[in-house]
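Here's the structure we're looking at; comments come further down.
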Amino acid sequence: MEYNDILKALREKLKGSYEEDSKMLREEGEKFVREENADGVRAVGELINEIMPQEQREEIERLTHIDGVRLDNVHKKIVEHINAKEMIEAKSLAEKLYLKITEEYRETETSKFVSLRNLFEDNLYHLLYKPEKTLHRTPFDFATYITTYAYILIDTGSTLDAIPILQKAMEYNPLDCGPKFELAEVYKLLKNKKKLIEITQDTLKVASSPVAIARCYANMGYICFEIGELDDAVAFYTASVKFAPHPAVPIELKGIAERKGTPIIPPTHEQIMAVMKKYEIEFGPDKRVIESAAQLASNLLLKNDIPNALNALKLLYNLTRDDKIRDMILRYEPNAPQFAPRTESAEEKPNITRTVNENPES
């Protein structure tokens, strides 16, 4: 059903009792979240706002708005400023959004706010971190919003100031590779080998796509090139393209060949593994990421939640290329055009991916 149909159906269920209606709407909202039904979540939110007492409505608006503008729309405006190269305006608004988030959504001794984006992240979060505090879901993707602020700081020359900002972004969602990759860019700019290795190790523990894994290895290729370990750089860049090709990598390899003065000889798998062991970097997806995706897919299939089970299976197939998983996906979705997960629209946030090395890719 589309938004208006969902809204009409939910409105027909209202009984006029705030307690009963709010309970019903919360349950429906949780169902729509599991189904990743944005129209359903939006309809529930509108009805909750309608039936809510005025005092409570005003408090929620205070928490979710800045100067009468909802936080997600504030972030969109920041991105518009970035795209228009209006960095002074972007920085001022981003700082205001950052302060709003960190003041209103603080961690306490008993509870913590998280910006987990889907069922897989929720499942992996509990598997990895086993939280003892009560988790509250934030109304918007705060990890992304805060990372955008850090991006602006880096772009305007405040590179060191961006580090604690990115660490705060990771507190809201440690499974989002975006803040981790931006922090890696900071360490690349600072030429801090130790910190770059550490953040790459942390990122690989939660990387849930071949593209994310490939970028981790490309970052390692970058730092190896910078410190003069050219053969190690070749090994990491070769590992990177095994997971996901990137147009920058052939350029980097060409640069290495010119610096060495000899053609690049592709390393064997054994040589790649030896280099990774040297830097304590894992090859391929973390076992717990695969375990989490498999566990989630199995649980959802048992509940007959096919749409979300397919999302988990596709994620799992992307990481393993297991033919049995592919066949299972095709059993439920015979005309599946591709197994790659959806990517976010470029219009939703700025492109915070820099080149592998400092030189542009022209």
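Along the sequence shown, residues are numbered consecutively beginning with 1.
- Evaluation of the salt bridge (Lys or Arg N to Asp or Glu O under 4.0 Å) rule for E107 yields K112, K133 as partners, not counting sequence neighbours.
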Set out, in order, the CA-CA distance, both residues' side-chain angles and the distance that settles side-chain hydrogen bond (donor to acceptor under 3.5 Å, both in side chains) for T148 and H75, then state yes or no.
CA-CA 8 Å; T148 301; H75 183 254; 2.9 Å; yes
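- Atoms CG and CD1, from L196 and I227 in turn, are 10.0 Å apart once rounded to the nearest 0.5 Å.
- The cationic group of R70 does not satisfy the cation-pi geometry with F140, failing either the under 6.0 Å distance to the six-membered ring centre or the 45° limit from the ring axis.
- Going from atom CG of L119 over to atom CG of D305 covers 7.5 Å, rounded to the nearest 0.5 Å.
- Paired with S208 under the rule side-chain contact (heavy atoms from CB on, under 4.5 Å), one option of L124, I213, V289 passes, and it is V289.
- Salt bridge status for E333 with K314: present, with a side-chain N to carboxylate O gap under 4.0 Å.
- Taking the salt bridge (Lys or Arg N to Asp or Glu O under 4.0 Å) definition, one finds that E46 meets it with nothing, sequence neighbours left out.
- L301 has its side chain within reach of M328: a pair of non-hydrogen atoms, C-beta onward, lies under 4.5 Å apart.
- The shortest distance between side-chain heavy atoms of V206 and D286 does not fall below 4.5 Å.
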Go through R326 and D323 one step at a time and tell me if the salt bridge (charged side-chain N to carboxylate O under 4.0 Å, His left out) criterion holds.
CA-CA 5 Å; R326 179 199 62 195; D323 288 343; 3.5 Å; yes
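- A salt bridge links R117 with D176; the closest basic N to acidic carboxylate O contact falls under 4.0 Å.
- L316 and V211 are members of different hydrophobic clusters when ILVMFWY side chains are connected at heavy-atom separations under 4.5 Å.
- Distance check: F120 CZ to L296 CG gives 8.0 Å after rounding to the nearest 0.5 Å.
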Run the side-chain hydrogen bond (donor to acceptor under 3.5 Å, both in side chains) check on T144 and T147 step by step: do they pass?
CA-CA 5 Å; T144 292; T147 299; 6.0 Å; no
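- A 4.5 Å side-chain heavy-atom check between D155 and K91 finds every atom pair outside the cut-off.
- Between the side chain of R259 and the backbone N or O of F225, at least one donor-acceptor pair lies under 3.5 Å.
- When ring centroids are compared, Y279 and F236 come within the 6.0 Å threshold.
- N311 places none of its side-chain heavy atoms less than 4.5 Å from the side chain of N118.
- In this structure, the side chains of K260 and D231 come closer than 4.5 Å at one or more pairs of heavy atoms.
- When all heavy atoms are compared, the tightest approach of T320 to I290 is CG2-CD1, 4.0 Å.
- Taking the salt bridge (Lys or Arg N to Asp or Glu O under 4.0 Å) definition, one finds that R42 meets it with nothing, sequence neighbours left out.
- At distances below 3.5 Å, not a single donor-acceptor pair connects side-chain atoms of Y317 with backbone N or O atoms of I329.
- For the residue pair L10 and L47, the shortest heavy atom distance occurs at CB-CD1, 3.3 Å.
- One finds no salt bridge joining K324 and D327 here, because no Lys/Arg side-chain nitrogen approaches an Asp/Glu carboxylate oxygen to under 4.0 Å.
- Listed by chain and number, the residues in a salt bridge (Lys or Arg N to Asp or Glu O under 4.0 Å) with D21 amount to none (sequence neighbours excluded).
- Residues E198 and K194 have side chains in contact (heavy-atom distance under 4.5 Å, counting atoms from C-beta outward).
- Counting heavy atoms of neighbouring residues, nucleotides and ligands inside a 6.0 Å radius, atom CG of L302 exceeds 12 of them.
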I would like to know whether N123 and S292 meet side-chain hydrogen bond (donor to acceptor under 3.5 Å, both in side chains); could you show each step before the answer?
CA-CA 6 Å; N123 202 56; S292 179; 3.1 Å; yes
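- Both Y145 and M87 are part of a single hydrophobic cluster, where members link through side-chain heavy atoms under 4.5 Å apart.
- Note that OG1 of T64 is 6.5 Å distant from CD of E61, once rounded to the nearest 0.5 Å.
- Considering CD1 of I78 and CG of N83, their distance stands at 12.0 Å, rounded to 0.5 Å.
- Rounding to the nearest 0.5 Å places CE of M220 at 8.5 Å from CG of D232.
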Quick one: do K205 and E282 satisfy salt bridge (charged side-chain N to carboxylate O under 4.0 Å, His left out)? Show the steps, please.
CA-CA 9 Å; K205 291 175 183 177; E282 295 295 327; over 6 Å; no
Could you walk me through whether F113 and F142 pass the ring-ring contact (aromatic ring centres under 6.0 Å, His included) test, one step at a time?
CA-CA 10 Å; F113 285 96; F142 288 164; 8.0 Å; no
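- Side-chain contact check for L135 versus Y129: every heavy-atom pair is 4.5 Å or farther apart.
- Surrounding CD of Q201 are more than 12 heavy atoms belonging to other residues, nucleotides or ligands, all under 6.0 Å away.
- Under 4.0 Å is where a charged nitrogen must lie from a carboxylate oxygen, and between E185 and R215 at least one such pair does.
- Listed here is the closest heavy atom pair of L175 and Y125: CD1-N, 3.6 Å.
- Considering every non-hydrogen atom in both P179 and A143, the closest pair reads CG-O, 4.3 Å.
- Applying the side chain to side chain contact (heavy atoms under 4.5 Å, CB included) test to I48 and every residue at least two apart in sequence or in another chain returns L25, V44, M52.
- V249 and F181 end up in different hydrophobic clusters when Ile, Leu, Val, Met, Phe, Trp and Tyr side chains are linked at under 4.5 Å.
- The main-chain N or O of E19 is found under 3.5 Å from a side-chain atom of S22 such that the two form a donor-acceptor pair.
- Proximity of L93 to K77: side-chain heavy atoms (C-beta onward) are separated by under 4.5 Å at one or more points.
- Residues meeting the side chain to side chain contact (heavy atoms under 4.5 Å, CB included) test with A239, sequence neighbours left out: Y217, I272, M276, F283.
- Contact between V234 and T238 at its shortest, heavy atoms only, is O-OG1, 2.7 Å.
- Closest approach of E171 to P174, counting heavy atoms only: O-CD, 4.1 Å.
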